[in-house]
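Taking it in order: structure first as structure tokens, then the write-up.
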Amino acid sequence: MESGYQRLARRGVSRRDFLKLCTFTCAALGIDLSLAPQIAEAAEANLSKKPVIWMQGQGCTGCSESLLSSVDPGPEEIILDLLSVRYHPTLMAASGEQAIQSLEDCISQGHYILVLEGSIPTADPRYCFVEGKPFMEQFKLAAEKAEAVIAVGSCACYGGIPRAGFTGAVGAQEVLGGVKVVNLPSCPVKPDRLVGLLLYYLSHNALPKLDGLNRPEAYYRYTLHDSCYRRWHYEKGEYLEDWNNPDTLDWCLYHKGCKGQDTYTNCANAWWNGGANFCGYAGSPCAGCSQPEYYEGFAPLFVNPKEVK
Ligand code: SF4
């Protein structure tokens with residue numbers, strides 16, 4: 001049988017790229033970099049063996065989109081090709097009864113990782129039905145035998161944008177009482193965080209250290225404000241007021257509604273899309289999407305705090 005690495009090689013991902021990814025994972029998780037080859041070896045041995053169930057509740061599928069738009073060796077290669085993804089409502093080839101059969105078989109065998117994308121309605125189960133059953137019921141059933149539950153994106157972690165609506169949307173930890181749940185909040189999920197978490201889990205057979213909100217501490221230890229490249233303008237009281245003034249484009253975005261002071265994330269250190277950019281550098285104030293307050297508690301997002309009642 002083809003090993004996990006042979007499958008990667010077949011897709012044109014070199015061992016060097018894979019090692020680079022593992023080194024990046026070690027750096028992001030605060031692990032000694034000299035351990036990267038061991039992590040690569042252990043993860044490689046376990047790739048393609050660990051079954052994954054990916055469920056989607058109330059959401060926009062943006063987290064799956066985010067995953068599919070990432071770089072080489074793409075998280076989508078790691079997750080969709082190398083792990084054994086047994087159920088993913090929008091990406092799996094099977095549909096209808098075949099798809100449900102695959103889900104049920106996987107649940108009955110146990111020992112899988114459950115990934116949740118999207119929120120879960122609590123006001124009335126009819127707000128989210130999948131295959132004729134309330135989604136909450138299906139999710140709870142799948143969580144029972146899962147080794148770990150990973151909530152990807154703000155909706156799955158804390159309810160996200162749907163929480164501001166009338167469906168009583170909550171995240172996985174509220175439904176499961178926090179048991180086994182790891183939160184990877186942001187809107188959408190940051191793919192390298194998910195890959196890093198999976199590589200860590202596959203190589204250590206344990207979860208990394210979590211913070212009080214069940215987030216891997218290494219990714220969410222500091223506020224965006226702590227590492228923001230606009231910070232020195234903030235210290236000087238220089239705030240961007242007019243987007244059309246080219247002289248102030250790098251100034252602090254606080255008056256444009258930046259939530260960086262209240263938002264724990266490593267976005268300013270580990271940029272998105274393979275280091276291409278992140279919200280702050282693209283000129284957008286931080287919306288606070290890795291916090292439980294997002295979206296409702298931070299809205300209106302792009303308004304000077306002085307003007308918010
Ligand atoms: Fe802080 Fe936001 Fe200003 Fe950056 S832009 S210095 S995160 S308030």
Side-chain angles (χ1 to χ4, degrees), residues 24 27-30 62-63 66 69-70 151-161 163-164 171 183-194 196-197 208-309:
F24 177 75
L29 286 170
C63 290
S66 172
S69 311
S70 36
V152 297
S154 310
C155 301
C157 296
Y158 312 118
I161 293 175
R163 193 172 190 127
N183 287 323
L184 290 180
S186 60
C187 187
V189 69
K190 202 165 182 289
D192 51 290
R193 286 181 187 157
L194 177 57
L197 176 63
K209 190 169 178 214
L210 305 180
D211 69 7
L213 294 170
N214 285 353
R215 305 176 291 196
E217 199 182 63
Y219 297 144
Y220 301 93
R221 187 179 294 149
Y222 304 109
T223 64
L224 178 72
H225 193 61
D226 286 333
S227 47
C228 180
Y229 80 103
R230 297 173 187 264
R231 176 70 180 263
W232 69 289
H233 287 293
Y234 171 88
E235 298 298 342
K236 289 200 288 181
E238 293 175 345
Y239 301 106
L240 186 150
E241 308 288 353
D242 178 4
W243 294 109
N244 294 316
N245 182 352
D247 297 333
T248 63
L249 281 183
D250 278 349
W251 288 17
C252 173
L253 297 167
Y254 185 64
H255 286 181
K256 291 297 180 191
C258 182
K259 309 292 182 291
Q261 295 181 52
D262 302 310
T263 302
Y264 289 79
T265 177
N266 65 352
C267 290
N269 295 324
W271 290 15
W272 288 63
N273 299 93
N277 214 335
F278 83 103
C279 300
Y281 195 70
S284 175
C286 172
C289 67
S290 60
Q291 290 302 118
E293 295 88 343
Y294 177 82
Y295 154 86
E296 198 174 15
F298 282 158
L301 294 182
F302 304 123
V303 171
N304 185 334
K306 285 190 223 152
E307 289 160 23
V308 178
K309 287 183 185 157

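In each ligand, atom 1 is the first atom listed, and ligand 1 is the first ligand listed. Quick note: numbers below take in every heavy atom, side chains included, and nothing from hydrogens, waters or symmetry partners. Note that the numbering runs from 1 along the sequence shown for the chain.
Under the side-chain contact (heavy atoms from CB on, under 4.5 Å) test applied with C286, the options T263, L253, D262 reduce to a single match, T263.
In this structure, atom 3 (Fe) of ligand 1 lies nearest to the protein heavy atom C252 SG, 2.4 Å. For atom 2 (Fe) of ligand 1, the closest non-hydrogen atom on the protein side is C258 SG, 2.3 Å. Of all protein heavy atoms, the one closest to atom 1 (Fe) of ligand 1 is H225 ND1, 2.1 Å. Remark: minimum distance from atom 5 (S) of ligand 1 to any protein heavy atom is reached at L253 N, 3.3 Å.
Close approach of ligand 1 to R231 is summarised as follows: ligand atoms under 4.0 Å from at least one heavy atom of the residue are 6 (S). The distance from ligand 1 to the heavy atoms of G260 drops below 4.0 Å at these ligand atoms: 7 (S).
Seen from the ring of Y220, R193 counts as a face-on cation partner, given the 6.0 Å and 45° thresholds.
Other residues, nucleotides and ligands contribute only 12 or fewer heavy atoms inside 6.0 Å of the OH atom of Y222.
Checked for salt-bridge contact, K209 and E217 meet the test: a charged N lies under 4.0 Å from a carboxylate O.
Not one N, O or S atom of C228 sits under 2.8 Å from atom 3 (Fe) of ligand 1.
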Q: Begin with the C-alpha distance, continue with both residues' side-chain angles, and end with the deciding distance and a verdict on side-chain contact (heavy atoms from CB on, under 4.5 Å) for W272 and S186.
A: CA-CA 11 Å; W272 288 63; S186 60; 3.8 Å; yes
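The aromatic ring centroids of Y294 and Y158 lie 6.0 Å or more from each other.
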